[in-house]
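First comes the structure, then the notes that go with it.
Computed from a predicted structure; not experimentally measured.
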Amino acid sequence: MLFNRYRRGLFITAFLAAPVTLYLVYVISPYIQAFYIAMTDWRGVTATPTFIGLENFGRLLGDETFWKAVTHNAGLLVLLPLFTIVIALFFAFLLNVGGGGRAVGGIRGSKFYRVVFFFPQVLAVAVVAVLFQQVFRPDGSGMLNAPLMALGARPIGFLSDPNVAFWSVLGVMVWQAVGFYVVLFSAGLASIPNDMFEAAQIDGAGRLSLFFRITLPLLWDTVQVAWVYLGIIALDVFAIVWVMTDQHGGPDWSTTVMAAEIYRNAFQYFRFGYASALGVVMFFFTVGFAILSLRLTRRERIEY
């Protein structure tokens, strides 16, 4: 008995050794190196960087651009999950439950709409950024400004006005993300028995009651996961900002984010130690957000 248990443990250890080793080498080791580099003045060219302790983190506190980036990430952290989940839940409910008539079912053509909503997900982020550069053009060739100018209105500087640029970036991120979460929530709705919706309808429940009393409670675990994923995307956003906006975070740093400042400091200013300090801060922001979100949104699982 003891020998069989030992053999089973040895068998499991042998299979786990390779993935654990790879994880330590390619995930944990780079984290440790980044933490060390963050406490040096390394500029990417010397073999032996000078250890300066927490000096880089002290500089962060007085860096105005860093605080602008943190503010923009915080705004995306709240607004991106909120807008995306609300819109995706609305469309998923329409496509699966909210169709007309007394029978429970989606609207006509729901399968086609799922493909349409999901289409932005198959586009590379850089492609989306270049596409919306053209959509937001401030002249008569811009898809949004051309009708305004034809009506005699002044064009809107979607990417050139500091008061509008952030909201333009947010809109593009929501547009790209919604389709995936429509499909995700639709899969969750498909697992809910129709009998529950039909019984509620017999009891006189309307579409709003079906959504708030049945759909949302039973999809809560999926919504929780979606919130965490979208929060991580909001903290880790880079390509949209770097490719789409003027000056890679402009105008006047009105759209810059922490990931853009990490890249700028590392590969334009060659301040790898300072960039690593930014990366360490972003790492703890991301981990802290995930832990906090999972704890605050935890609730009893509803069985059906």
Side-chain angles (χ1 to χ4, degrees), residues 1-40 42-49 51 54 56-57 73 77 80-81 118 120-128 176-177 179-181 183-185 187-188 190-191 220-240 242 257-263 265-267 270-298 301:
M1 183 70 177
L2 184 61
F3 179 71
N4 289 337
R5 187 175 302 173
Y6 171 77
R7 289 181 59 187
R8 183 166 61 248
L10 189 62
F11 178 78
I12 295 172
T13 302
F15 270 89
L16 288 178
V20 169
T21 301
L22 290 174
Y23 187 80
L24 290 173
V25 171
Y26 292 108
V27 178
I28 302 300
S29 176
Y31 282 150
I32 296 173
Q33 292 178 37
F35 294 158
Y36 170 71
I37 294 172
M39 293 185 286
T40 71
W42 191 47
R43 299 185 63 86
V45 292
T46 58
T48 56
F51 185 82
L54 300 178
N56 284 326
F57 296 97
N73 276 115
L77 185 62
L80 177 63
F118 191 76
Q121 282 292 313
V122 305
L123 299 176
V125 178
V127 173
V128 172
Q176 189 188 26
F180 174 81
Y181 292 96
V183 174
L184 180 67
F185 295 147
S191 66
W220 186 255
D221 287 345
T222 307
V223 171
Q224 180 190 47
V225 172
W227 191 281
V228 173
Y229 283 172
L230 284 164
I232 293 173
I233 291 172
L235 288 171
D236 199 32
V237 59
F238 170 74
I240 288 285
W242 193 263
V257 290
M258 286 191 287
E261 291 308 310
I262 291 171
Y263 184 91
N265 277 279
F267 299 106
F270 297 102
R271 299 187 299 196
F272 284 87
Y274 191 68
S276 295
L278 281 164
V280 170
V281 171
M282 192 171 78
F283 168 79
F284 283 111
F285 277 175
T286 305
V287 173
F289 164 77
I291 294 173
L292 187 63
S293 296
L294 290 173
R295 290 186 65 86
L296 291 179
T297 58
R298 185 172 53 191
R301 181 181 295 273

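- Phe267 CZ to Ile262 CD1: the interatomic distance, rounded to the nearest 0.5 Å, is 10.5 Å.
- Phe285 approaches Met258 most closely through the heavy-atom pair CD1-CE, 3.4 Å.
- Here Val280 pairs with Phe35, Ala38, Phe57, Phe284 under the side-chain contact (heavy atoms from CB on, under 4.5 Å) rule; sequence neighbours left out.
- A pairwise comparison of heavy atoms in Trp42 and Pro49 identifies CB-CB, 3.5 Å as the closest pair.
- Between atom CG of residue Asn265 and atom CZ of residue Phe272 there is a gap of 10.5 Å, rounded to the nearest 0.5 Å.
- Ile37 contributes atom CD1, which lies 12.0 Å from atom CD1 of Ile32 (distance to the nearest 0.5 angstrom).
- Contacts of Leu80 classified as side-chain contact (heavy atoms from CB on, under 4.5 Å), with partners at least two apart in sequence or in another chain: Thr84, Leu170, Met173, Val174, Leu230, Ile233, Ala234.
- In this structure, Gly231 and Phe289 approach most closely via the heavy-atom pair CA-CE2, 3.3 Å.
- Within the structure, side-chain hydrogen bond (donor to acceptor under 3.5 Å, both in side chains) contacts touching residues 274-284 (residues at least two apart or in different chains) are Asp63-Tyr274.
- With sequence neighbours left out, Tyr229 forms a ring pair (Phe, Tyr, Trp, His ring centres under 6.0 Å) with no residue at all.
- A distance of 13.0 Å separates OH in Tyr31 from CG in Leu24, rounded to the nearest 0.5 Å.
- Taking the six-membered ring where tryptophan is involved, the planes of Trp242 and Phe238 are essentially parallel, since the angle between them stays under 30° and well short of 60°.
- The line from CD1 of Ile291 to OG1 of Thr286 is 11.0 Å long, rounded to the nearest 0.5 Å.
- Residues passing the side chain to side chain donor-acceptor pair (under 3.5 Å) test with Asn73, sequence neighbours excluded: none.
- Partners of Gln33 by side chain to side chain donor-acceptor pair (under 3.5 Å), not counting sequence neighbours, listed by chain and number: Ser29.
- Taking each heavy atom of Gln121 and Gln176 in turn, the nearest pair found is NE2-O, 2.7 Å.
- Among residues at least two apart or in separate chains, there is no side-chain hydrogen bond (donor to acceptor under 3.5 Å, both in side chains) pair with a member in residues 14-27.
- The two residues Val237 and Val257 make their nearest non-hydrogen contact at O-CG2, 3.2 Å.
- Using a 4.5 Å cut-off on side-chain heavy atoms (C-beta onward), Thr222 and Leu184 make contact.
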